[in-house]
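Each chain gets a letter, A, B and so on, in the order its sequence line appears, and its residues count up from 1.
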Number of protein chains: 2
Amino acid sequence: MLKTHLTVLITTLIGCFSNPAMTNENMQNKEPKKDSSSIALVIHGGAGTILKKNMTDELEQTYRAKLEESLMAGYQILENGGSSTEAVKAAIVIMENSPLFNAGKGSVFTHDGKNELDASIMASHDLSAGAVAGVSHVKNPILLADKVRTESKHVMMAREGAEEFAKEHNVELVDQKYFYTQRRWEQLQKVLKSTPQKSQLSEDEAKNSDVKNSKFGTVGAVALDVNGNITAGTSTGGMTNKRYGRIGDSPVIGAGTYATPLCGVSATGHGEYFIRAAVTHDICALVEYTDSNIQQAADTVIHEKLVKLGGDGGVIGLDKEGNIMMSFNTEGMYRGSIDKDGKVTIKIYKDH
Amino acid sequence: MLKTHLTVLITTLIGCFSNPAMTNENMQNKEPKKDSSSIALVIHGGAGTILKKNMTDELEQTYRAKLEESLMAGYQILENGGSSTEAVKAAIVIMENSPLFNAGKGSVFTHDGKNELDASIMASHDLSAGAVAGVSHVKNPILLADKVRTESKHVMMAREGAEEFAKEHNVELVDQKYFYTQRRWEQLQKVLKSTPQKSQLSEDEAKNSDVKNSKFGTVGAVALDVNGNITAGTSTGGMTNKRYGRIGDSPVIGAGTYATPLCGVSATGHGEYFIRAAVTHDICALVEYTDSNIQQAADTVIHEKLVKLGGDGGVIGLDKEGNIMMSFNTEGMYRGSIDKDGKVTIKIYKDH
């Protein structure tokens with residue numbers, strides 16, 4: 001993995017965030033095999049009430065290092081002329097394999113003490129898409145979603161059926177205990193204690209920050225490759241204490257993930273609102289049908305439409321020129337990007 | 001139920017279809033309790049290779065009578081000042097309870113000889129939505145989807161979990177054998193015979209009309225009530241021989257069903273393409289962001305975008321003024337409407 005050094009830069013990106021950024025000296029010295037102006041990558045590791053005062057320096061550095069590792073994994077593929085699909089998978093697998101995020105290894109627990117993971121991926125060049133919902137034994141759901149995209153006539157598979165497909169296509173399966181982490185288990189116990197016999201969260205409970213934040217931590221990536229193809233992908237463990245085979249927005253094409261030749265978007269947040277607002281498709285529709293650029297489109301959906309509905313969360317994305325977009329209406333969002341000029345940005349809070 | 005008589009009328013609807021229509025004398029004589037200019041209803045019973053030459057007069061009349069019964073069930077509610085949500089549910093329940101359509105009672109069989117039903121519903125006034133995927137014991141999935149919409153914080157529930165929620169909310173459950181129909185069983189055997197051990201349909205098989213048509217028959221309804229609220233709903237048995245817990249477009253908000261204060265749409269067709277094109281949301285986005293009216297928007301998506309992707313099927317819908325939209329790129333679509341002037345239309349083929 002390439003080493004990076006933090007430097008603060010002012011970015012020209014439009015919207016609610018200014019952009020202190022990282023530059024990568026090694027990367028800038030390296031002769032890219034393809035024109036690096038045509039490649040770009042953006043990732044997120046979830047949005048929520050992420051406040052500096054609640055974070056130790058050590059934990060913050062751990063998050064930043066993992067986001068950087070994810071970015072580098074994806075960017076190396078793009079630099080070597082690889083596809084945006086491979087880059088998105090590589091970036092997401094790094095986060096799925098980390099206990100830091102609510103996806104793969106670090107997935108939250110359901111009401112019944114299980115882990116049910118969702119993921120989806122979509123490629124712009126042929127609008128092909130794959131999604132899996134409620135899988136319990138798949139180490140990297142994003143890889144299974146991509147197998148659904150490339151190896152089946154279906155777009156969306158659920159639960160045991162999706163795992164049967166995984167077996168037939170040699171996607172790595174693991175025992176449920178692989179997903180056990182003390183932190184997530186305690187999160188479930190805390191939520192269960194506050195909502196012992198209820199079948200759903202009440203409004204008061206939904207306002208409780210422990211419950212609220214236990215929904216977040218979804219990961220995602222959007223890449224533009226040297227051939228101009230955009231891929232968007234999203235992976236999640238869903239919502240702590242979820243029941244009834246709940247499916248959130250992450251595996252729903254048009255809600256959690258969407259890609260067109262003009263625009264790719266991955267979302268994270270309170271999934272029910274993201275489904276109802278068809279967030280990722282709506283952003284791409286604004287880019288296609290109006291004068292909005294991708295940042296303006298995302299801000300319209302996240303800061304206006306979604307706020308009106310009552311939905312918390314955020315999105316990342318990029319357009320066909322490689323312009324990076326990030327937008328969220330929460331306190332923070334784990335996020336990072338390497339833009340078309342090779343500039344690396346990693347941020348957690350509103351402005352840094 | 002009110003009796004109707006067929007008369008042929010030329011309609012003013014824009015698009016690919018002219019509109020021989022039914023007028024309902026009783027209905028026109030009846031003094032509506034609310035201003036009938038503000039209410040409208042449109043339904044579909046699936047699109048596909050429906051050709052006059054393959055249809056007996058008797059079967060055709062049976063379909064037309066059932067579509068009429070569905071329309072009347074929904075319209076009576078609207079006429080009495082009831083909500084668009086109640087009207088959509090009433091119209092869809094009639095079709096779910098009939099063996100004629102691929103929804104509820106008449107649902108197709110999965111690869112394993114089971115029935116896995118999907119449904120969704122969305123209301124414009126608060127963008128609330130509910131969806132269920134892969135339920136096997138729910139007599140009327142549209143009623144369960146609406147319970148998810150009104151009685152849970154979730155939008156989408158799958159399989160056993162959705163049925164657990166159904167039990168807790170007294171939604172009628174039935175034995176799997178309720179869904180057995182000789183016709184659907186034979187359809188599965190025919191498809192299995194042509195694709196014995198394969199995990200997916202090949203391109204050749206997908207072109208075979210038996211296989212192709214076995215995908216269709218989804219039902220849906222969109223209503224505008226006296227308060228100006230639009231509701232859209234969709235229900236299906238999915239695709240014959242489906243595997244891997246496949247989820248089609250019907251329970252995907254933005255694909256099979258979408259409603260905004262401007263526009264409501266329900267889709268039927270080859271679900272995978274409808275998910276990738278986010279068909280129902282895209283139509284509503286065109287209405288919201290461009291000068292297109294709902295018929296033009298639907299024709300753009302169904303006859304241009306979807307054809308380019310290779311997707312077969314159709315949509316029905318209406319806008320806030322009660323203008324009816326129908327659009328399909330197949331040979332036929334079972335469909336009917338009662339427009340804002342109370343004019344009743346029932347059609348099966350391209351032009352009648």
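B:L262 has its side chain out of reach of B:D319: every pair of non-hydrogen atoms, C-beta onward, lies at least 4.5 Å apart.
Comparing B:A285, B:A259, B:A278, B:A166 by how many heavy-atom pairs each has under 4.5 Å with chain A, the most go to B:A278. Most heavy-atom pairs under 4.5 Å with chain B: of the set A:K305, A:E160, A:K242, A:K308, this distinction falls to A:K305. Most heavy-atom pairs under 4.5 Å with chain A, from the set B:D126, B:V132, B:T290, B:L286: that is B:L286.
Of the atoms belonging to B:L309, it is side-chain heavy atoms, and not backbone ones, that fall under 4.5 Å from chain A. Residue B:E163: no heavy atom, backbone or side chain, is found under 4.5 Å from chain A.
With A:R159 contributing its side chain and A:G134 its backbone, the two residues share no donor-acceptor pair below 3.5 Å. A distance-only check finds no donor-acceptor pair linking the side chain of B:T234 to the backbone of B:G220 [under 3.5 Å].
Ring orientation note: the planes of A:Y244 and B:H154 are nearly perpendicular, at an angle over 60° on the 30°/60° scale.
The pair A:E116-A:R243 does not count as a salt bridge, with every side-chain nitrogen at least 4.0 angstrom from each carboxylate oxygen.
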